[in-house]
Every structure is written in C-alpha cells, then in structure tokens.
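One structure is given below, encoded as structure tokens.
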Amino acid sequence: MSNLLSIYNKFLFFLTAFLFVFIPLYPKFPFLNITGTFVAVRLEDLLIALLAILWAIYIVISNQLRDLLKDRITQVLLLFFFIGAVSLISGIFLTQSVSSSIGLLHLLRRVEYMILLPIIATIIKTKKQFVIILIILSFTLLAVNIYALGQQYLGWRVISTTNSEFSKGLSLKLTPGARVNSTFAGHYDLAAFLAMGLVLMSALFFAVNKRLKIGVILLFSLSLLVLVMTAAR
C-alpha cells in the first residue's frame with residue numbers, strides 16, 4: 001500500500017508540474033461556452049478539476065484528511081468558501097439579485113483558484129521536487145515573456161477574453177498601441193503572473209550561486225520590461 005501511495009503521489013506531482021506549464025502557456029481558447037455570459041470553461045479548468053478529484057482521493061486513502069482539516073490555512077480556506085456559499089444562497093433566495101447558475105460558477109471559480117494552494121502544499125514533499133518546480137516556473141516565465149515580445153514586435157497571435165466577441169476564441173493581432181497579453185486572456189492576467197514571477201526571481205537571487213544570479217537578473221529585467229508593456233494598474 002505504501003508503494004502504491006508513493007507512485008500515486010509521484011503521478012500527482014507530475015500532473016501538477018504539467019499544469020505549471022500548461023496553465024500559463026496554453027492559449028485561452030474556450031472549451032465550453034456558458035449561456036448568459038461571455039466567460040467560458042477552458043481546458044485548464046477541466047485539468048484542475050481532475051487534479052483536485054485525484055488529490056482528494058489521495059488525501060483520504062493516505063489518512064491525511066484529519067491533519068489537513070486541523071491546519072489553520074485549510075480552516076481559513078474552508079471558512080472563505082462557506083462565506084461565499086452563504087452569500088450565494090442569500091443572493092439567490094433572499095435578495096434574488098443573482099442568477100443561480102452564474103453565481104455558482106463564480107463561487108466554483110474562486111474554489112478553483114484557491115484549492116491549488118493545499119494541493120501543492122501536500123503533494124510537493126521533497127527539496128528535489130521543489131527545485132524541479134522552481135526550474136519549470138522559471139522557464140515558463142521566460143516563455144511567457146518571449147511570446148509577449150513576439151506579439152508586440154513580430155505579430156504573433158493573441159487570444160483574448162476581454163469582451164464577448166473576443167471570448168469566442170478569435171485569433172487576433174495587436175493593433176498599434178494595444179497592450180500585450182502574451183498567452184493569457186488579458187493584459188491584467190499577464191501582469192498578475194509577472195508580478196508573482198518578479199517576487200519569485202527576487203527570492204531566488206539570494207538562494208542561487210553566482211553563476212545563476214546572472215540568469216535570475218536577466219529574467220527579472222525581462223519580466224519587468226514586459227510588465228511595463230502591459231500598462232496594467
């Protein structure tokens with residue numbers, strides 16, 4: 001049983017590592033359009049749901065559920081989800097100010113974003129796995145920056161969801177003065193990713209040897225340049 005759990009954990013780790021590349025780099029084509037909104041379900045949403053289900057099974061069969069529920073961060077997340085559910089019920093039945101389907105999708109989207117924190121915290125168990133994730137993130141950050149420059153100067157394609165027409169999955173080019181999206185659905189998403197990448201590079205600078213520091217500085221500078229190009233508040 002122990003060997004099976006170890007194999008299961010490694011599979012979840014590789015799936016998680018794959019998502020670290022897939023979510024930022026895969027163009028945001030719609031997979032399933034939602035009636036009444038221009039927000040669509042994308043392939044990454046299904047992969048995250050798959051990971052969450054497999055992770056939940058792993059937590060149960062590895063007897064980690066009790067320890068996970070005792071963790072303060074888990075308790076805070078559950079409280080946040082509970083408040084969101086109460087707000088949704090209130091909006092549907094009391095004030096009748098929200099559509100049940102749209103409101104539920106909003107709640108599930110927030111669960112989707114935040115569930116990755118406990119998943120990654122429980123799957124990454126060794127220093128080697130942590131280093132692998134850092135390497136993957138660094139190369140993903142580099143690829144995002146290169147594609148952003150390609151959009152700006154080489155006419156590479158843009159897949160945006162910033163309005164109802166674009167969200168149909170149109171393949172566009174940047175017009176003069178437009179802000180870069182890179183592989184993201186909007187310039188604000190790209191800016192948020194770059195902001196997190198800059199924090200990561202700032203920390204890595206003090207953790208790597210002198211030879212790697214040069215690479216970290218170059219990647220930091222490139223990310224900062226692209227962040228400016230997004231012109232996102």
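- Closest heavy-atom contact between Gln152 and Ala178: OE1-O, 4.0 Å.
- Taking the six-membered ring for Trp and thresholds of 30 and 60 degrees, Trp156 and Tyr147 have ring planes inclined between 30 and 60 degrees apart.
- Looking at heavy atoms from C-beta onward, Glu44 lies out of side-chain contact with Phe31 at the 4.5 angstrom threshold.
- Within a 6.0 Å radius of NZ in Lys213, more than 12 heavy atoms belonging to other residues, nucleotides or ligands are found.
- Gln151 places a side-chain N or O within donor-acceptor distance of the main-chain N or O of Ser182, the cut-off being under 3.5 Å.
- Every residue two or more places apart in sequence or in another chain that forms a ring pair (Phe, Tyr, Trp, His ring centres under 6.0 Å) with Phe22 is listed here: Phe18, Tyr26.
- The 12-atom threshold is not exceeded at CD1 of Ile73, counting heavy atoms of other residues, nucleotides or ligands nearer than 6.0 Å.
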task = Give the C-alpha distance, both sets of side-chain angles, the deciding distance and a yes or no for side-chain contact (heavy atoms from CB on, under 4.5 Å) between Asn9 and Lys125.
result = CA-CA 9 Å; Asn9 175 265; Lys125 294 182 176 295; 3.5 Å; yes
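- Between Ile133 atom CD1 and Thr16 atom OG1 the span is 7.0 Å, to the nearest 0.5 Å.
- In the hydrophobic cluster analysis, where Ile, Leu, Val, Met, Phe, Trp and Tyr join through side-chain heavy atoms closer than 4.5 angstrom, Phe220 is grouped apart from Val228.
- Evaluation of the side-chain contact (heavy atoms from CB on, under 4.5 Å) rule for Leu200 yields Leu134, Leu137, Leu204 as partners, not counting sequence neighbours.
- The hydrophobic clustering, which links ILVMFWY residues whose side-chain heavy atoms are closer than 4.5 Å, places Ile57 and Leu116 together.
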request  = Test Phe139 against Val21 for side-chain contact (heavy atoms from CB on, under 4.5 Å), laying out the working first.
outcome  = CA-CA 9 Å; Phe139 279 102; Val21 178; over 6 Å; no
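- Applying the side-chain contact (heavy atoms from CB on, under 4.5 Å) rule to Ile159 yields the partners Pro27, Phe29, Ser171; only residues at least two apart in sequence or on another chain are considered.
- For the atom pair Phe11 CZ and Ile123 CD1, the distance stands at 10.0 Å (nearest 0.5 Å).
- Thr126 meets the side-chain contact (heavy atoms from CB on, under 4.5 Å) test with Lys128, Gln129; sequence neighbours excluded.
- A continuous path of ILVMFWY side-chain contacts below 4.5 Å connects Phe206 to Ile217, so both sit in one hydrophobic cluster.
- The shortest distance between side-chain heavy atoms of Phe20 and Ile120 falls below 4.5 Å.
- A search for side-chain contact (heavy atoms from CB on, under 4.5 Å) contacts involving Ser223 returns Leu141, Asn145, Leu194, Leu198, Leu219, not counting sequence neighbours.
- Heavy-atom minimum distance, Gly186 versus Asn181: CA-ND2, 3.6 Å.
- The minimum heavy-atom distance linking Pro24 with Leu19 is given by the pair CD-O, 3.7 Å.
- When hydrophobic side chains of Ile, Leu, Val, Met, Phe, Trp and Tyr are connected at separations under 4.5 Å, Leu88 ends up clustered with Ile89, Ile92, Phe93, Val98, Leu104, Leu107, Leu108.
- Met196 and Met229 sit in two unconnected hydrophobic clusters of ILVMFWY residues. Membership requires side-chain heavy atoms under 4.5 Å apart, directly or through other members.
- Among residues two or more places apart in sequence or in another chain, the salt bridge (charged side-chain N to carboxylate O under 4.0 Å, His left out) test is passed with Arg179 by none.
- In terms of the ring pair (Phe, Tyr, Trp, His ring centres under 6.0 Å) criterion, residue partners of Phe193 (sequence neighbours excluded) are, by chain and number, Phe184.
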task = Take Thr230 and Leu227 through the test side-chain contact (heavy atoms from CB on, under 4.5 Å) and record every step on the way to the result.
result = CA-CA 5 Å; Thr230 68; Leu227 179 62; 4.1 Å; yes
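- The structure places OG of Ser87 at 11.0 Å from NE2 of His106, a figure rounded to the nearest 0.5 Å.
- Grouped with Ile214 in one hydrophobic cluster are Leu218, the linkage being side-chain heavy-atom contacts under 4.5 Å among Ile, Leu, Val, Met, Phe, Trp and Tyr residues.
- Leu54 CG to Tyr8 OH: the interatomic distance, rounded to the nearest 0.5 Å, is 4.5 Å.
- Note on residues 68-85: no pairs pass side-chain hydrogen bond (donor to acceptor under 3.5 Å, both in side chains), not counting sequence neighbours.
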ask   = Can you check side-chain contact (heavy atoms from CB on, under 4.5 Å) on Leu222 and Leu149, steps first, answer last?
value = CA-CA 10 Å; Leu222 180 60; Leu149 294 175; 3.7 Å; yes
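- Counting heavy atoms from C-beta outward, Tyr188 and Arg233 have side chains that stay 4.5 Å or more apart.
- A search for ring pair (Phe, Tyr, Trp, His ring centres under 6.0 Å) contacts involving Phe13 returns nothing, not counting sequence neighbours.
- Closest of all the heavy-atom pairs between Asp45 and Glu112 is OD1-OE2, 2.5 Å.
- Between Leu32 and Leu46, every side-chain heavy-atom pair lies at or beyond the 4.5 Å cut-off.
- A pairwise comparison of heavy atoms in His187 and Ala232 identifies CD2-CB, 3.7 Å as the closest pair.
- Interatomic distance, Leu12 CG to Leu51 CG, rounded to the nearest 0.5 Å: 6.5 Å.
- A donor-acceptor distance shorter than 3.5 angstrom exists from the side chain of Thr140 to the backbone of Ile136, with no hydrogens or angles considered.
- Hydrophobic clustering places Ile53 together with Ile115 (ILVMFWY residues linked when any side-chain heavy atoms are closer than 4.5 Å, directly or through intermediates).
- In terms of heavy atoms, Ile23 sits closest to Lys28 at O-NZ, 2.8 Å.
- Atom CZ of Phe81 is separated from atom CG of Leu77 by 5.0 Å, given to the nearest 0.5 angstrom.
- When hydrophobic side chains of Ile, Leu, Val, Met, Phe, Trp and Tyr are connected at separations under 4.5 Å, Ile83 ends up clustered with Leu79.
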